[in-house]
Amino acid sequence: MLQVSVIKEQTDRVLAGLAKKHYKTAAADVAAILDLDQRRRQLQTSHDSAQAEANDLARQIGQLMKSGDKAGAETLKARTAELKQHTKTASEELAQVEHEQQQLLYKLPNLPHASVPEGRSAADNEVVREGGQKPALPADAQPHWELIKKYDIIDFDLGIKITGAGFPVYKNQGARLQRALINFFLDEARDAGYTEIQPPILVNEASGYGTGQLPDKEGQMYHDAQDNLYLIPTSEVPITNLYRDEIIATDKLPIKNTGYTPCFRREAGSWGADVRGLNRLHQFDKVEIVQITEPERSYEALDGMVAHIENLLQKLELPYRVLRLCGGDMSFTSALTYDLEVWSAAQGRWLEVSSASNFETYQANRLKCRYRAEGGKTQLLHTLNGSALALPRIVAALLENNQTSDGINLPAVLHSYCGFSKIG
RNA sequence: AGAGAGGUGGCAGAGUGGUCGAAUGCGGCGGAUUCGAAAUCCGCUAUACGGGCAACCGUAUCGGGGGUUCGAAUCCCUUCCUCUCUGCCA
């Protein structure tokens with residue numbers, strides 16, 4: 001959520017940013033927000049002064065009652081009735097205006113950082129750099145959905161039987177590989193200074209609002225109506241909400257957390273081409289890294305996160321590239337996003353395995369996550385997160401890129417984690 | 001799930017209709033004392049919104065919402081949450 005003060009003081013910058021994100025009704029929405037803000041201030045002032053007078057009269061009435069001047073008290077009471085009516089209508093209007101303003105603010109996406117390229121779709125994303133070597137596969141190379149059957153390591157049909165499509169069952173070396181990757185990612189994050197968190201995987205409504213899944217993306221989360229809890233779509237939600245409604249001491253900053261959780265996504269409406277096998281699931285495993293920093297350090301932190309993720313891909317010996325997303329392809333809440341993709345050799349396409357974003361104050365404003373800046377004023381912090389990493393597509397690429405007639409050779413870094421060096 | 005208790009400042013914990021944004025203690029910050037420290041003493045120590053260049057002033061907030069009253073932390077209604085015991089259970 002953008003801050004009203006920013007919209008008011010930097011209107012042109014806000015409009016330019018919204019345009020870059022291809023937000024359609026920017027001019028009208030911004031004007032409406034500013035207009036509502038004007039009215040809100042007037043109502044507040046009017047309400048407060050009437051209330052101040054009423055408070056003063058109440059004190060006087062108390063004194064008069066005490067001294068036995070009933071008639072005097074009654075005179076003043078008549079005036080308080082008027083004031084009461086006034087404050088009541090003012091506060092009702094105020095609530096209405098605040099609500100309207102809030103609804104408009106929820107609609108506005110975050111402003112993109114200056115470095116975000118112009119563009120509408122994934123085709124306009126900027127390739128920042130590539131790393132690793134694309135493998136030369138044998139002529140009879142198979143996509144991962146064939147390989148997992150061949151080696152009997154992931155079973156979609158069993159998942160369908162016990163739950164539904166998009167809920168794979170990992171077996172044998174497939175299950176062990178999952179566990180190995182999770183441990184590898186967590187260990188690497190810890191070595192990079194992240195504190196490991198194991199959060200709940202159901203969250204309440206307030207947490208959904210805090211990180212921006214609610215109110216808009218309600219349909220994307222699984223919801224337990226009986227207890228009004230949501231299955232998390234990413235551990236970003238619980239881990240960032242740890243700091244909701246907090247004023248964080250400067251010496252605790254930056255906050256660097258990591259956590260492994262399963263992630264649950266309904267993916268309503270997003271099924272179709274290119275979602276075979278492990279490419280898109282309802283439940284998958286992910287290790288997430290989260291940082292909360294002072295505003296002036298957040299881009300440095302984002303670079304560090306991208307470097308960390310790249311390092312993981314290098315250790316896994318996967319060919320990858322780093323993209324800077326264009327204005328039209330970025331998420332609603334982000335100011336700058338880097339996607340990391342790995343080359344899936346048998347499918348012949350890039351697969352997104354990580355997304356690292358700086359949300360600046362956009363999430364923090366909803367979360368009310370602040371610190372005390374120089375001079376004693378509270379100020380919003382910047383929040384960031386990135387996948388480090390999401391497992392399914394990593395597994396897909398590992399299987400496809402490393403297939404041989406003699407089995408699948410795993411990268412050296414995983415051998416001790418798996419307890420084996422080859423699948424098959 | 002059944003029965004009971006309770007939600008007050010960073011924490012602990014008073015406060016049952018006005019003088020309460022709220023005693024006291026702890027913690028934190030500043031100062032005095034000290035060669036330095038401990039101990040002791042003094043002062044300060046919530047957030048949001050509005051007004052003001054500022055000092056500062058006003059308003060709201062004692063889980064949330066509503067009500068009674070000139071006036072509510074305090075009374076009433078409602079809702080959420082937490083804890084204890086019993087039950088069930090990894």
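Under the Watson-Crick and G-U wobble criteria, each requiring two contacts below 3.5 Å, nucleotide B/C89 is left unpaired. Shown here, B/G6 forms a base pair with B/C81; the pair counts as Watson-Crick or G-U wobble because both key distances fall under 3.5 Å. Across all strands shown, B/C11 pairs with B/G25; the Watson-Crick or G-U wobble distances both stay below 3.5 Å. Across all strands shown, B/C53 forms no Watson-Crick or G-U wobble pair with both key distances under 3.5 Å.
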Donor-acceptor pairs under 3.5 angstrom involving side-chain atoms of residues 168-176 of chain A: please list them, not counting sequence neighbours.
unit_1: A/K171; atom_1: NZ; unit_2: A/D152; atom_2: OD1; d: 3.1
unit_1: A/Q173; atom_1: OE1; unit_2: A/G424; atom_2: N; d: 3.3
unit_1: A/Q173; atom_1: NE2; unit_2: A/K422; atom_2: O; d: 3.0
unit_1: A/R176; atom_1: NH2; unit_2: A/C418; atom_2: O; d: 3.2

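Minimum atom distance to the side chain of A/K84 is reached by B/G71, of the listed B/G58, B/G71, B/C49. In this structure, of B/C70, B/A48, B/U59, it is B/U59 that holds the atom nearest to the side chain of A/N55. For A/H47, whose side chain is taken as the heavy atoms from C-beta onward, the closest listed nucleotide among B/U59, B/U47, B/G51 is B/U59. The nucleotide whose nearest atom lies closest to any side-chain atom of A/Q51 is, among B/G18, B/U59, B/G51, B/U59. Considering only side-chain atoms of A/D48, the nucleotide from B/C70, B/G58, B/U47 that sits closest is B/G58. The listed nucleotides are B/C70, B/G58, B/C49; the one nearest the side chain of A/Q44 is B/C49. Counting only heavy atoms from C-beta on, A/M65 has its side chain closest to B/G18 among B/G18, B/A46, B/A48.
Comparing the same atom, P, in B/G36 and in B/G43 gives a spacing of 24 Å after rounding to whole Å.
Within 4.0 Å (heavy atoms only), A/S49 reaches no atom of the nucleic acid at all. When heavy atoms are screened at a 4.0 angstrom cut-off, A/R59 is found touching no nucleic acid atom at all.
Using a 30° and 60° split on the angle between ring planes, A/H282 and A/Y222 fall in the perpendicular class, above 60°. Classified by interplanar angle (parallel below 30°, tilted 30° to 60°, perpendicular above 60°), the ring pair A/Y194/A/H308 is tilted. Note: A/Y362 and A/F332 have perpendicular aromatic rings, judged against thresholds of 30 and 60 degrees for the angle between ring planes.
Applying the 4.0 Å criterion to OP1 and OP2 of B/A48, one finds that A/R370 has a side-chain N or O inside that range. A/T45 has no side-chain polar atom (N or O) that falls below the 4.0 Å cut-off from OP1 or OP2 of B/U59.
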Could you walk me through whether A/K21 and A/M330 pass the side chain to side chain contact (heavy atoms under 4.5 Å, CB included) check? CA-CA 8 Å; A/K21 279 224 172 168; A/M330 295 168 72; 4.0 Å; yes

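Between A/I247 and A/K77, the one whose closest nucleotide on RNA chain B sits nearer the 5' end is A/I247.
Separating the CZ atom of A/R372 from the C1' atom of B/A48 is a distance of 13 Å, rounded to the nearest angstrom.
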